[in-house]
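Letters A, B, ... mirror the listed sequences (proteins, then strands); counts begin at 1.
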Number of protein chains: 2
Amino acid sequence: MITVDKPALEDGPYILPVSDDDIDRAARSLKALSHPLRLKILCILGDQAISVQDIVEAVGTSQSNISQHLAIMRDKEILMTERKANKVFYYVRDEGTLRLIGVMREVFCTK
Amino acid sequence: MITVDKPALEDGPYILPVSDDDIDRAARSLKALSHPLRLKILCILGDQAISVQDIVEAVGTSQSNISQHLAIMRDKEILMTERKANKVFYYVRDEGTLRLIGVMREVFCTK
DNA sequence: ATACAATATTAGAATTATCTAACAAAAAAC
DNA sequence: GTTTTTTGTTAGATAATTCTAATATTGTAT
């Protein structure tokens, strides 16, 4: 049995149990990140707002494909858009996602 | 165009470009995490080693289903196993994954 | 208005993921 | 040895994902 009923105050880090709702929400968001093209888009974006055509250039696949991946991340509330003239700029919606990307860099890119 | 050719020393955080290999590796790992049951298993594990039957109890699905999800994470080098008698204990392989899980907790569970 | 540029959407084929149910393997207990 | 416990594997049906190609939409410019 897992003993998570009450905090173990002095012996080791206490890991809080996580609700199934939180789990489901996190898994949905993670799934939206876990595709090579989408991850690359996020790395290119960082904390900037970049137009679709510039993303297409930087990533290197078809405009339609990029547009679909952007839509997935916008639907999952990872990205937001801002229109300027006839261009649409995408940017990462919240600080949490940026932190996550930062940690993933450290975990996966330091070898 | 994205200007990542050289570090912008004083104006804002410089975001390093990421190789496609790193991207692919990260995406594969992330995909292994981005399923509700697998995420729940990881949250239950934390930094402990837990037997399959205890994981089955804690998660609440069939033993076969758990075994398949554990195999996926073992194949992707997220989990490792240790046999004791006729029980098999699973645990998170490296510190990086634990950090990632910690940050995900903060990002997705603080609401 | 037409033409052009940038972005979004749809359809459909191919691939991949996921589950259940049944069965196999390994180690312990008897 | 057999039986039981624990874990792993396979088969196959169903569902979800991903890509390409074609088309639609939206705003700008002329």
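- Atom CD of A:Gln63 and atom P of D:dT26 are 15 Å apart (whole Å).
- Atoms CG and CG, on B:Asp94 and B:Leu100 in that order, are 9.5 Å from each other to the nearest 0.5 Å.
- One N or O donor and one acceptor, one from the side chain of B:Ser64 and one from the base of D:dT9, sit under 3.5 Å apart.
- Atom-to-atom, CZ of B:Phe89 to P of D:dT7 comes out at 8 Å; the value is rounded to the nearest Å.
- Residue A:Tyr90 is classed as a sugar-phosphate contact, given heavy-atom separations below 4.0 Å to backbone atoms only.
- Atoms CD and CG, on B:Gln68 and B:Leu37 in that order, are 11.0 Å from each other to the nearest 0.5 Å.
- Counting only distance, with no hydrogens or angles, the side chain of A:Arg25 and the backbone of B:Phe108 share a donor-acceptor pair below 3.5 Å.
- Among the nucleotides D:dT18, D:dT20, D:dT7, the one closest to the side chain of A:Arg38 is D:dT18.
- With a heavy-atom cut-off of 4.0 Å to chain B, the contacted part of DNA chain C has its first and last nucleotide at C:dA17 to C:dA28.
- Checked by atom type and distance alone, the side chain of A:Arg28 never pairs as donor or acceptor with a backbone atom of A:Lys76 at under 3.5 Å.
- Counting non-hydrogen atoms under 4.0 angstrom, B:Lys84 reaches nothing in the nucleic acid.
- Minimum atom distance to the side chain of A:Ala85 is reached by D:dT28, of the listed D:dT28, D:dT6, D:dC19.
- In this entry the distance linking CG of B:Asn65 with P of D:dT7 reads 15 Å, nearest Å.
- Rounded to an integer number of Å, the gap from CG of A:Asp75 to C1' of D:dT18 is 16 Å.
- Here the side chains of A:Leu39 and A:Met104 are in contact, with some heavy-atom distance below 4.5 Å.
- One can place CG of A:Leu33 at 14 Å from P of D:dT17, the figure rounded to the nearest angstrom.
- Note: B:Leu79 CG to B:His69 NE2 = 12.5 Å, rounded to the nearest 0.5 Å.
- The base of D:dT17 lies outside donor-acceptor range of the side chain of A:Gln68, with no N or O pair under 3.5 Å.
- Residue A:Arg83 contributes atom CZ, which lies 11 Å from atom C1' of D:dT28 at whole-angstrom precision.
- Between the CE atom in B:Met80 and the CZ atom in B:Phe89 there is a gap of 15.5 Å [rounded to 0.5 Å].
- Regarding contacts with the backbone of D:dA16, every side-chain N or O of A:His35 stays at 4.0 angstrom or more from both OP1 and OP2.
- Atom pair A:Lys31:NZ and D:dT18:C1' shows a separation of 13 Å (rounding to whole Å applied).
- Summarising the geometry, the separation between CE on B:Met73 and P on D:dG8 is reported as 12 Å, rounded to the nearest angstrom.
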